[in-house]
*Asks:* 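Before we start, here is the structure in question, set down as structure tokens.
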Amino acid sequence: MLVKFREMDKPFILYQKEYADVLPLLEMIKKQGEFSFFFDSNGDRRIFGRFHDYQYMIEISAGRVFETLTVELDCSEISL
């Protein structure tokens with residue numbers, strides 16, 4: 001399933017990734033777990049914060065069904 005990560009109350013997507021199993025991610029969101037995303041090996045591009053909420057969407061386009069999970073992040077530090 002495609003999972004998109006975005007900052008709480010902002011429409012743009014920070015990161016997206018295809019996951020085979022989203023259940024562990026949903027459990028972390030439920031517990032509002034802390035996260036750290038590092039986008040490069042130097043740690044210059046990073047995001048810290050807590051999982052806040054999610055939105056599950058089903059889209060039907062040209063006879064195909066697409067599932068997407070959009071995860072809201074409560075970010076305490078963003079350095080992109």
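By convention here, the first residue in the shown sequence is residue 1.
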*Asks:* Would you call Leu69 and Leu26 a side-chain contact if the rule is heavy atoms closer than 4.5 Å?
*Replies:*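 Touching, per the 4.5 Å side-chain cut-off.
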*Asks:* Let me check something: do Val65 and Leu2 share a hydrophobic cluster, defined by ILVMFWY side-chain heavy atoms less than 4.5 Å apart, either directly or through other members?
*Replies:* no
*Asks:* Could you work out, with ring-ring contact (aromatic ring centres under 6.0 Å, His included) as the rule, every residue matching Phe51, not counting sequence neighbours?
*Replies:*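 So Phe51 forms a ring-ring contact (aromatic ring centres under 6.0 Å, His included) with Phe35.
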*Asks:* Taking C-beta and beyond as the side chain, do His52 and Leu73 meet within less than 4.5 Å on heavy atoms?
*Replies:*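 His52 does not reach Leu73 side chain to side chain.
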*Asks:* Tell me the closest heavy-atom pair linking Ile13 and Lys4, and the distance in Å.
*Replies:* CD1-CB, 3.8 Å
*Asks:* Is there a path of hydrophobic side-chain contacts, each under 4.5 Å between heavy atoms, that joins Phe12 and Met8?
*Replies:* no
*Asks:* Atom CD of Glu59 and atom CD of Glu67: how far apart are they, to the nearest 0.5 Å?
*Replies:* 11.5 Å
*Asks:* Report yes or no: does Glu18 contribute a side-chain atom to a donor-acceptor pair with the main-chain N or O of Met1 at less than 3.5 Å?
*Replies:* yes
*Asks:* Looking only at heavy atoms, which two atoms of Pro11 and Arg6 are closest? And how far apart?
*Replies:* O-CD, 4.2 Å
*Asks:* May I ask you to check whether Phe5 and Tyr54 place their ring centres under 6.0 Å from each other?
*Replies:* no
*Asks:* Establish whether Tyr19 and Ile29 are linked, either directly or via other cluster members, by ILVMFWY side-chain heavy-atom contacts under 4.5 Å.
*Replies:* yes
*Asks:* What distance do Glu34 atom CD and Asp74 atom CG have between them, rounded to the nearest 0.5 Å?
*Replies:* 11.0 Å
*Asks:* Give the minimum heavy-atom separation between Tyr15 and Lys17, together with the two atoms involved.
*Replies:*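 That closest heavy-atom pairing would be OH-CD, 3.7 Å.
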*Asks:* Starting at CG of Leu23, measure out to CE of Met28 and round the result to the nearest 0.5 Å.
*Replies:* 11.0 Å
*Asks:* Indicate yes or no for a side-chain donor-acceptor contact from Arg50 to the backbone of Gln32 under 3.5 Å, with no hydrogens or angles considered.
*Replies:*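 Side chain of Arg50 to backbone of Gln32: a pair is present.
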*Asks:* First locate atom CG of Leu14, then atom CD of Gln16, and finally report the distance between them rounded to the nearest 0.5 Å.
*Replies:* 11.0 Å
*Asks:* Kindly indicate whether the side chain of Phe38, heavy atoms from C-beta on, has any atom under 4.5 Å from the side chain of Arg45.
*Replies:* no
*Asks:* Evaluate the side-chain proximity of Cys75 to Phe48: yes if any heavy-atom separation is below 4.5 Å, no if none is.
*Replies:*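 Of all side-chain heavy-atom pairs linking Cys75 with Phe48, none is under 4.5 Å.
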